[in-house]
Amino acid sequence: MNNTFRDKVALITGGASGIGKATVLAFAEAGAKVVIADVLEKEGEEIARSIQDKANEAVFIKTDVSDTTQVRSLIEKTISRFQRLDCACNNAGIEGENALTAESSEENWDRVIAINLKGIWLCMKHELQVMVKNGGGAIVNMASVAGLVGFQGLSAYCASKGGVISLTQTAALEYAQHGIRINAVCPGIIRTAMVDRVIGGDPKKEEQYTALEPIGRLGKPEEIAKAVLWLCSDEASFVVGHPMVIDGGFVVQ
């Protein structure tokens, strides 16, 4: 444990798997008290227990980020438990269906936007109210390279992630004067359960995805988590409204 975030409280949504889980563990390793929010109750509880077993403070709060009542309750429970909120990583998201724009369903559009975009707005809405009272804080929103370039068959996902980048930049301008830094990260193709679902265990498809990355491999959740921690740390004190691309060179190619 390096204690970079000792006495700090960090909230991570979508914290029970993938990038969110890696971020939870990274904050805990850095000494933070961690709040894990997710719809995956069993997995979230297990992660909280594993952190507690190492004498760190952690709590799991089941939360659907698209539900305003649940998000409000998440923040209220966080403050009730720890009396403060210093850092937040709004990570919860879904990929939705893979279909051409004209063939995708309205239900898919509504669900993806509700979780990926509205969910981040709802979380920020309530996180910011607490951080303004606290006199500062740091928020990192999970965007994607899909918010910077198009991906065929993922119109709702791309629209949601592009929205996250714009939302991040706008909120960053609004709250910088309150001592709150808001940034985003834009991961490339990261080896998570979401990507595994897309690949579907097909070696040829995995080769195709790997070939998209100039670095010659898929990214690791831990590599994104380290960037989130840096953006929340004092070392990034002059970084505001930045969509950090972490993609193995995908976008610049």
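We count residues from 1, following the sequence as given.
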Handout entry: K226/E235 under salt bridge (Lys or Arg N to Asp or Glu O under 4.0 Å): CA gap, chis, key distance, verdict
Key = CA-CA 13 Å; K226 289 176 183 177; E235 293 178 353; over 6 Å; no
Exercise for the section: Spell out, as yes or no, whether a donor-acceptor pair under 3.5 Å connects the side chain of R181 to the backbone of A236. Expected result: yes
Handout entry: Reported CG-to-CE distance for the pair D86 and M131, which is rounded to 0.5 angstrom
Key = 7.0 Å
Exercise for the section: State, with a plain yes or no, whether a side-chain heavy atom of V130 is found less than 4.5 Å away from one of H126. Expected result: no
Exercise for the section: Please check if the side chain of T210 supplies one atom and the backbone of E206 the other of a donor-acceptor pair under 3.5 Å. Expected result: yes
Handout entry: Spacing of CH2 belonging to W121 relative to OG belonging to S66, to within rounding of 0.5 Å
Key = 12.5 Å
Exercise for the section: Output yes when a side-chain donor or acceptor of N56 lies under 3.5 Å from a complementary backbone atom of A32, and no otherwise. Expected result: no
Practice task
Verify the cluster assignment for Y209 and L154: are they in a single hydrophobic cluster under the rule of side-chain heavy atoms below 4.5 Å apart?
Solution key: yes
Handout entry: Main-chain N/O of G96 paired with N108 side-chain donor or acceptor, under 3.5 Å
Key = no
Practice task
Flag yes if I246 and M142 sit in one hydrophobic cluster, no otherwise; membership is Ile, Leu, Val, Met, Phe, Trp, Tyr, and two members link when side-chain heavy atoms are under 4.5 Å apart.
Solution key: yes
Practice task
Please report the C-alpha distance between D7 and K33 in whole Å, then the side-chain angles of each, then the deciding distance to 0.1 Å, and finally whether the side chain to side chain contact (heavy atoms under 4.5 Å, CB included) criterion is met.
Solution key: CA-CA 7 Å; D7 299 325; K33 301 176 178 71; 4.0 Å; yes
Practice task
Would you check if Q169 and P243 make a side-chain contact, meaning some heavy-atom pair closer than 4.5 Å?
Solution key: yes
Practice task
Kindly indicate whether the side chain of I182, heavy atoms from C-beta on, has any atom under 4.5 Å from the side chain of N141.
Solution key: yes
Exercise for the section: Verify side chain to side chain contact (heavy atoms under 4.5 Å, CB included) between W230 and V239, making sure each step is shown before the conclusion. Expected result: CA-CA 10 Å; W230 182 77; V239 183; 3.7 Å; yes
Practice task
Is it possible for you to say whether I75 and I120 belong to one hydrophobic cluster, with membership spreading through side-chain heavy-atom contacts below 4.5 Å?
Solution key: yes
Exercise for the section: Output the distance between atom CZ (R191) and atom CD (E222), rounded to the nearest 0.5 Å. Expected result: 13.0 Å
Practice task
For the pair Q129 and K125, evaluate side chain to side chain contact (heavy atoms under 4.5 Å, CB included) and give the outcome as yes or no after the intermediate values.
Solution key: CA-CA 7 Å; Q129 292 172 13; K125 176 181 175 67; 4.0 Å; yes
Practice task
Determine whether the aromatic ring centres of F5 and F27 lie less than 6.0 Å apart.
Solution key: yes
Exercise for the section: Enter the distance from R72:CZ to T69:OG1 here, rounded to the nearest 0.5 Å. Expected result: 5.5 Å
Completion exercise
Closest non-hydrogen atoms of V35 and F82, given as atom of the first, atom of the second and distance, are CG2-CE1, 3.7 Å
Practice task
Go through E127 and N90 one step at a time and tell me if the side chain to side chain contact (heavy atoms under 4.5 Å, CB included) criterion holds.
Solution key: CA-CA 10 Å; E127 292 158 359; N90 298 315; 2.6 Å; yes
Handout entry: Shortest non-hydrogen contact between M244 and L231, atoms and distance
Key = CE-CD2, 3.9 Å
Exercise for the section: Taking atom CZ of R6 as the centre, report whether more than 12 heavy atoms of other residues, nucleotides or ligands fall under 6.0 Å from it. Expected result: no
Practice task
Tell me whether I61 is reachable from V9 by hopping between hydrophobic residues (I, L, V, M, F, W, Y) whose side-chain heavy atoms are closer than 4.5 Å.
Solution key: yes
Practice task
Say whether L11 and L128 are linked into one hydrophobic cluster, either directly or through other cluster members, by side-chain heavy-atom distances under 4.5 angstrom.
Solution key: yes
Handout entry: Gap separating the CD1 atom of I51 from the CG atom of L25, nearest 0.5 angstrom
Key = 5.5 Å
Handout entry: D234 CG: over 12 foreign heavy atoms closer than 6.0 Å
Key = no
Handout entry: Side-chain heavy-atom pair S17, E43 within 4.5 angstrom cut-off
Key = no
Exercise for the section: Drop me the distance from F60's CZ to I47's CD1, to the nearest 0.5 angstrom. Expected result: 8.5 Å
Practice task
Flag yes if more than 12 heavy atoms outside E106 fall under 6.0 Å of its CD atom; otherwise flag no.
Solution key: no
Handout entry: Minimum-distance pair of heavy atoms, taken over all atoms of A143 and I165
Key = CB-CG1, 3.7 Å
Exercise for the section: Using a cut-off of 6.0 Å, state whether more than 12 heavy atoms not belonging to Y175 lie near its atom OH. Expected result: no
Handout entry: T13 side chain vs A92 backbone, donor-acceptor pair below 3.5 Å
Key = yes
Practice task
Would you name the heavy atoms of G18 and T192 that are closest together and state the gap between them?
Solution key: CA-CG2, 4.1 Å
Handout entry: Side chain proximity check, C186 to L148, heavy atoms < 4.5 angstrom
Key = yes
